[in-house]
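All values derive from a computational prediction rather than experimental measurement.
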Amino acid sequence: MRHDFSASFLQILPPDTNFGEAWESLCLALLRCERGAGVMTRLNPPDLGVDLLAIGSREAYQCKSDERGAFGTLDHHSSLNSLSTAMSHQLALGWSSYRFATNANYSGAAFAKLRAEAATLGLDESQLGFLGPEYWDELCTRHFATVKDRFRYRIVRTGEDVVAAFQEARYRPKYVAEFERKIAEDDLRLVITNNLTEAEIEIPFARDLTVENYVDAARVMLGITLDRSSFPDLATSAGPSISVTIDKAPQGFSKKIAELPIKSGEALNIWIKLIWRDESDVDQSHLNRFMYLRHGSGGIGLTPRERAESTLSRTRQALQETIWSRLRATAKAGPSPTS
């Protein structure tokens, strides 16, 4: 996902006093962007099992969150209680459909229990909805200009962090020492951005270092490797190709930072292109088995385009999760994130 909805990045802004309220406010802001400000209303205490209500469409929203975001686990007991409470106030509130708005997905068992409880309470399948992190990620992508101030996606790192990145990138000690000196003597600060997430990393750097040096340090800080991933069920593989762009124009790796049209404090974008490869000519057995399981012996197999799209989607998701995981660890271990 392009956005991370964990407590590491979603800010608690007044009048909200805790993470749950901050998540509710984000959902409200995004729904107002989609439906119109006058359509969505937020219900104040006492708790009636409904946090947000869409006037006209009669949709009720219950917001549930975990501070770990998509990597967390939702408490389905709380969700069951909210659903039961909402049902007892359905006529008073006038809602006809009920949606759980969550920053994490329910487990399969929790999902089944919620659906069973809804049926017991008299709701049919069409009246119950689950809007998980993927849904809110899509809305954030469409309306990020409106909600961006609710996030603190920029992580500030030190010169020591950049030196450690060069070491992890396996530069020889003499080069690491030289880079460290150049960074200490310069006043340049760059912001690492990327095209897969909204994450930003502000670092000190040196004008005398090259674009390739920048890529190596940024790649480590984002947790990205150039290794290819294999997908036996699709008989494909995929991996990233990395370049540096300014206003979407690629920059040569041999260029020094001083040669680029960029000022201190500005962003130097890491552009990650995903390249897939058809491996079906290497081993057809896994692909045949996958097609059989999906379609049966008389079914039609996946087209090359479908295999490509599935491969790229999986690879993109894995890289996005890698970047956010790395930055969450960075945010906890180092200086506090800044907006």
Side-chain angles (χ1 to χ4, degrees), residues 2-4 6 8-11 144 148-149 151-226 240-272 319-320 322-339:
R2 287 195 62 85
H3 308 87
D4 185 290
S6 71
S8 296
F9 302 108
L10 179 61
Q11 298 192 87
F144 193 65
K148 65 180 181 180
D149 290 341
F151 297 94
R152 48 184 183 192
Y153 279 148
R154 179 171 295 187
I155 305 295
V156 178
R157 305 314 296 162
T158 66
E160 288 79 6
D161 297 320
V162 180
V163 169
F166 283 129
Q167 292 170 335
E168 189 173 336
R170 298 187 177 182
Y171 276 81
R172 292 182 178 179
K174 68 175 183 178
Y175 293 125
V176 173
E178 179 186 348
F179 295 169
E180 183 175 18
R181 176 183 58 78
K182 289 181 177 181
I183 291 171
E185 293 174 353
D186 208 325
D187 62 353
L188 178 68
R189 297 196 71 84
L190 296 176
V191 179
I192 302 169
T193 58
N194 69 91
N195 62 307
L196 294 186
T197 73
E198 298 295 338
E200 298 181 348
I201 309 174
E202 182 181 329
I203 61 171
F205 213 64
R207 292 171 176 84
D208 197 45
L209 297 183
T210 66
V211 170
E212 184 176 10
N213 299 148
Y214 178 80
V215 167
D216 290 336
R219 191 165 52 81
V220 168
M221 290 187 164
L222 292 171
I224 299 172
T225 72
L226 299 180
S241 173
I242 296 178
S243 60
V244 170
T245 63
I246 299 176
D247 294 329
K248 297 186 178 181
Q251 306 299 312
F253 272 34
S254 62
K255 281 186 177 181
K256 289 190 175 183
I257 301 299
E259 300 176 65
L260 303 181
I262 190 170
K263 299 177 183 178
S264 182
E266 293 183 341
L268 194 52
N269 190 55
I270 297 294
W271 189 268
I272 305 166
L319 285 173
Q320 288 170 330
T322 294
I323 291 171
W324 287 123
S325 294
R326 185 65 176 242
L327 265 66
R328 275 195 298 273
T330 300
K332 292 177 182 178
S336 298
T338 61
S339 50

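- Here the shortest heavy-atom pairing between Gly223 and Thr322 reads O-CG2, 3.0 Å.
- In terms of heavy atoms, Pro240 sits closest to Ile272 at CB-CG2, 3.8 Å.
- In terms of the side-chain hydrogen bond (donor to acceptor under 3.5 Å, both in side chains) criterion, residue partners of Thr245 (sequence neighbours excluded) are, by chain and number, Asn269.
- Remark: Ala199 pairs with Asn194, Thr197, Ile323, Trp324, Leu327 by the side chain to side chain contact (heavy atoms under 4.5 Å, CB included) rule, at least two apart or across chains.
- A salt bridge between Arg181 and Glu185 is present, with a side-chain N of the basic residue lying under 4.0 Å from a carboxylate O of the acidic one.
- A salt bridge does not link Arg157 to Glu202: none of the charged side-chain nitrogens sits closer than 4.0 Å to a carboxylate oxygen.
- A donor-acceptor pair is defined here as one N or O able to donate and one able to accept, closer than 3.5 Å; no such pair exists between the side chain of Glu200 and the backbone of Ile155.
- No close placement of the Phe9 and Phe151 rings is indicated, their centers lying 6.0 Å or farther apart.
- Residue pairs satisfying the side chain to side chain donor-acceptor pair (under 3.5 Å) criterion with at least one member in residues 163-172, sequence neighbours excluded, are listed as follows: Glu168-Arg326, Tyr171-Asn213, Tyr171-Asp216.
- Judged as a side-chain hydrogen bond (donor to acceptor under 3.5 Å, both in side chains), and not counting sequence neighbours, the contacts of Glu198 are Arg2.
- Residues passing the side-chain hydrogen bond (donor to acceptor under 3.5 Å, both in side chains) test with Asp208 are Lys182, Lys256, sequence neighbours excluded.
- Shown here for Val162 and Ala217, the closest heavy-atom pair between the two residues is CG1-CB, 4.5 Å.
- Pairs engaging residues 190-210 under the ring-ring contact (aromatic ring centres under 6.0 Å, His included) rule: Phe205-Tyr214 [sequence neighbours left out].
- When every heavy atom of Thr210 is checked against every heavy atom of Ser254, the shortest pair comes out as CG2-O, 4.1 Å.
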